[in-house]
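Atoms considered below: every heavy atom in the structure, side chains included; atoms not considered: hydrogens, waters and symmetry mates.
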Amino acid sequence: MSAPTTTRAEQGAMSHREILEALSGLLLVLFVAMSSATIVSTALPKIIGALNGSQTQYTWVVTASLLTATATTPIWGKLADLYSKKALVQVSIVVFVLGSIVAGFAQSAGQLIAARAFQGIGMGGVQALVQVAIAAMIPPRERGRYNGYLGGVLALATVGGPLLGGVIVDTSWLGWRWCFFIGAPVAVVALVVLQRTLHLPVFRRDNVKIDYAGASLIAAGVSILLIWVSFVDSSFGWVSWQTFAMVGAGLVLLATAVWVESRAAEPVVPLQIVRQRTTALAILASLAVGMAMFGGSVFLGQYFQIGRGYSPTEAGLLTIPLMAGVLVSSTISGRMITKSGKVKPYIVTGTIVLVAGFAMLSTMDHLTPLWYIGVGMALVGIGVGMSMQNLVLAVQNTVALRDIGAASSTIAFFRSLGGTIGVSVLGAVLAHRVTDSITSQLAAAGVPAGSSGGGKTSSLNLAELPPTIQHIVRAAYGDATGHIFLISAGIGVVGVIAALLFRQITLRSTIDLAAARKADGAPVPAAR
């Protein structure tokens, strides 16, 4: 094994100004990726309607990108432990933008889903590598301070993105395709800034082996189970040969993936890291938070537009409480963590507040006052801001610098996996409840389900429906959305339990674990 290249990051602490300069490029990269994704969120009902897509396709436009991001995140993280982190960040943002441009030219919902799957490869790189790069520059104790900047950028992208997406869709001379095109020029600026400001250590090792087999098996196993979730009880029954075949194949593939990971020289999900107590609990909490947050919030734009009849721009404005909660809580909690060095109280509080927010949203229907929904969204945002980034921070504190990439990407992997499962499962639940509600209401109104009016209700293009049936569809979506938030609250409880089981964590003030060991004058206990 060759000696790693030594840089300033290893020789001495970077000054606050140097960190901010390097951080500027990373945050701009993150802003491009996040805003490109959130711009689509409020525009998606209009996009799927224009492409004559269904609720299942609506779900898979989101699921496809999350799934490929999940599959590739550990690979990006492993590559970051072996090659230039800076070059990998640049490659990932280029892939993401190329996927966005291809999505902008989609002519059908199926083409859009395929383009989003490609886009997710770049998304997986960005979400893992930005965390890795920050961890390579800043000690865990100080990282909470800079996580405030990270939270601010995330909040700006998530607040500004939906608003911009709504304006683009509502502007006739632009159209929904510009929701995908608009990120390209900003990405060019991000790449230039990154080239000038980001300088990180490069570790080069001989005989490198990337565990593509493990990543492929995990992606294939999860994909089969998610496809089963999307179609069970609609295209085939719960007890059927299709169910046994798909569930059986998915479980066999995932079991094989575990076997491969236990024997791989460079496993994509290192089991020795996963088995540590802090990492295992962080994974469980990240799964729960990811399922609850992604699975719940992705349907808010649809609720406001289809369930309540607001325009995409108005829907973007109505989601501001959610994003404001993320901004405020991530900034304040980050600075308080830097001051105290304690991270567990904020993770526990965040997961509890997240569950409380979803519990409030679970009672809503198509007539619920907007102020009540706003309070619930604000609580969800506060919970996400206090827990999500700090779960990564807790794990990064337990590993050496050489394993930062693998550890960070492992948490991002399971958080993304939770989001993928959450969106798919909750989307399937929503589709089934909406279909049942529409069918019963059409029957009550004396409209046969197979008529010209009732037969189109599976499409999200409400403009093609008669006014009476539009009202039935809107009420069905508005009433069904509260049910999926109840499921999100239940999932969030698992995150609370995992957070409570954390041991007290004191963040170290050095970048590498070896330096912490030297500073203490004694061996640092293995992370548990």
Side-chain angles (χ1 to χ4, degrees), residues 1 63-64 66-83 117 120-121 124-125 127-128 132 205-230 232 241-288 290-291 391-392 395 398-400 402-422 424-425 494 498 526-528:
M1 183 183 298
T63 302
L66 285 175
L67 184 60
T68 51
T70 301
T72 57
T73 291
I75 295 177
W76 287 110
K78 175 59 66 174
L79 291 173
D81 286 336
L82 308 175
Y83 303 113
I121 297 173
Q127 69 183 12
V132 170
R205 294 191 286 172
D206 299 327
N207 302 319
V208 173
K209 295 181 180 180
I210 304 298
D211 183 23
Y212 296 109
S216 300
L217 286 168
I218 293 171
V222 172
S223 298
I224 290 175
L225 292 177
L226 293 183
I227 292 171
W228 169 74
V229 167
S230 297
V232 69
W241 71 266
Q242 293 97 331
T243 291
F244 288 115
M246 297 178 76
V247 173
L251 294 177
V252 167
L253 286 171
L254 292 177
T256 306
V258 174
W259 181 83
V260 169
E261 294 300 272
S262 66
R263 287 160 174 77
E266 297 282 354
V268 74
V269 179
L271 297 184
Q272 75 275 13
I273 294 178
V274 172
R275 283 193 291 262
Q276 296 173 3
R277 178 186 174 110
T278 297
T279 307
L281 291 173
I283 286 172
L284 186 59
S286 294
L287 272 169
M291 288 181 70
L391 287 169
V392 179
V395 172
T398 67
V399 299
R402 67 178 181 274
D403 294 323
I404 281 289
S408 303
S409 63
T410 297
I411 297 301
F413 169 84
F414 283 101
R415 182 178 63 208
S416 183
L417 178 62
T420 305
I421 296 171
S424 183
V425 171
V494 177
R528 291 172 291 176

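Taking all atoms of both residues into account, the shortest heavy-atom contact from Ala498 to Leu284 is CB-CD2, 3.9 Å. Nearest approach of Ile224 to Ala249, heavy atoms of both residues: CD1-CB, 4.3 Å. Across all their heavy atoms, Gly214 and Ala257 have their closest contact at O-CB, 4.3 Å.
Considering Leu254, Val258, Leu253, Val252 in turn, Val252 is the only one that fulfils the side-chain contact (heavy atoms from CB on, under 4.5 Å) rule with Thr256.
Take Ala264 and apply the side chain to side chain contact (heavy atoms under 4.5 Å, CB included) test, not counting sequence neighbours, and it matches Asp211, Pro267. Shown here are the side chain to side chain contact (heavy atoms under 4.5 Å, CB included) partners of Ile121, two or more places apart in sequence or in another chain: Thr68, Thr72, Trp76, Val95, Phe118.
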